[in-house]
Number of protein chains: 2
Amino acid sequence: MDRIDVKILSYLQEDCRMPISTLADKVGLSTSACHRRIKLLESGGQISGYVARLDAKALGYSIEIFVEITLHSQSEDTLEQFERAVQKAPEISECHLMAGQADYLLRVVAKNVADYEQIHRNALSRLPGVAHMQSSFSLRTVRPWAGVPVIQS
Amino acid sequence: MDRIDVKILSYLQEDCRMPISTLADKVGLSTSACHRRIKLLESGGQISGYVARLDAKALGYSIEIFVEITLHSQSEDTLEQFERAVQKAPEISECHLMAGQADYLLRVVAKNVADYEQIHRNALSRLPGVAHMQSSFSLRTVRPWAGVPVIQS
DNA sequence: ATTAAATTCGAATAATATCCGAATACGACC
DNA sequence: GGTCGTATTCGGATATTATTCGAATTTAAT
């Protein structure tokens, strides 16, 4: 991981479909050398995949909600059951086990408020072990996910 | 947006470097027809880009923090100044303007607790207009960002 | 300085994306 | 149900890009 790898990661994190020859120019390498480094970053696990970014709004998902969830108990069994259910719920875009007041932080996108109400009733509140839920609505995304802050190490 | 487009988006959201011919097989189209649809989804704004997913852990970022921020005032000027500063801070991976108690929700990744302390002191607390900050640590990512739940419309 | 290993470069080859004309499917209207 | 116009598809031709490989160069250690 030298400064060239950092540049490569940084560019690929913005646009992973640019031709390797273009990327090679940007970082000051030949195409083949750049290609070799990319393959090393892939096999080394620094790059975990390449994905299309979809525009939630363009697909009709106009609202985004962060949901803090508290469970009845923190027993291993309760957590496990809860997490298994989360994995199966396509309505949930992301889930973190948290330190602090709430046990979990979920992230949900919905088409509109009515759609969210439906998700809240039929999916979220039916997750096993839930004692309390608090929804926080995002009014506007100030800065969309900008990726890991790749800096020289 | 028919069911084939939905399939295309769904596959590309998982892996955007698969050959179009492979994707075409999966969705039951010829390569050229599939290619045409992808271009339409790009120009139509449903696909906003293609990015490499980096593994934060593999790059030395072992912790992830959600930070709720309350400002001194909610005047347009205060918000604008704050947001401008957020855009310039590479330590901040994501930022939402929120409804509810806190004004903003930030997302930060850090190499370790000491690194986060430094970010907290030198970057976050120096953002203009901040009255109160509350950090919530993610202990474990139960379900990483799974993308927009693309469903037939 | 000398050596060994790692990395680079450039060119050849293989794979993939893109373009285009012809054929097919689809919808609106009669 | 038939007819027309439009949109979409298919398959092949071409252009671009990815990948491989040997030789040359750089790097790091002694």
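Values below: all heavy atoms of this structure, side chains included; hydrogens, waters and symmetry mates excluded. Here is how names work: the chains are called A, B, and so on, in the same order as the sequence lines, proteins then strands, and each is numbered from 1.
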Is there a donor-acceptor pair closer than 3.5 Å between any side-chain N or O of [X] and the backbone N or O of [Y]?
| X | Y | value |
| --- | --- | --- |
| Gln13(A) | Val148(A) | yes |
| Ser10(A) | Val6(A) | no |
| Asp115(B) | Gln118(B) | no |
| Tyr116(B) | Val108(B) | no |

Roughly how many Å is it from [atom1] in [X] to [atom2] in [N], rounded to a whole number?
| X | N | atom1 | atom2 | value |
| --- | --- | --- | --- | --- |
| Met18(B) | dT17(D) | CE | C1' | 18 Å |
| Arg17(B) | dA15(C) | CZ | C1' | 13 Å |
| Ile38(A) | dT20(D) | CD1 | C1' | 15 Å |
| Lys39(B) | dT9(D) | NZ | C1' | 18 Å |
| Asp2(B) | dC26(C) | CG | P | 11 Å |
| Met1(A) | dA6(C) | CE | P | 19 Å |
| Asp25(B) | dA17(C) | CG | P | 12 Å |
| Leu40(A) | dT19(D) | CG | C1' | 14 Å |

Item checked: The single option from Met133(B), Arg126(B), His132(B) passing side-chain contact (heavy atoms from CB on, under 4.5 Å) against Val130(B) -> Met133(B)

Note to self: Classify Arg36(B) by what it touches in the nucleic acid, base, sugar-phosphate, or nothing, heavy-atom distance under 4.0 Å.
What the structure shows: base

With the side chain of [X] defined as its heavy atoms from C-beta on, choose the nearest nucleotide among [options].
| X | options | value |
| --- | --- | --- |
| Ile20(A) | dT16(C), dT19(D), dG10(C) | dT19(D) |
| Leu29(B) | dA18(D), dT7(C), dT9(D) | dT9(D) |
| Ala33(B) | dT20(D), dT9(D), dT16(C) | dT9(D) |
| His35(A) | dT8(C), dT19(D), dG12(D) | dT19(D) |
| Arg37(B) | dC20(C), dT8(D), dT7(C) | dT8(D) |

Item checked: Residue closer to the 5' end of DNA chain C, Thr31(A) versus Thr31(B) (nearest nucleotide) -> Thr31(A)

Next item on the list: Determine whether any donor atom in the side chain of Ser30(B) lies under 3.5 Å from an acceptor atom in the base of dG11(D), or the reverse, and answer yes or no.
Entry: no

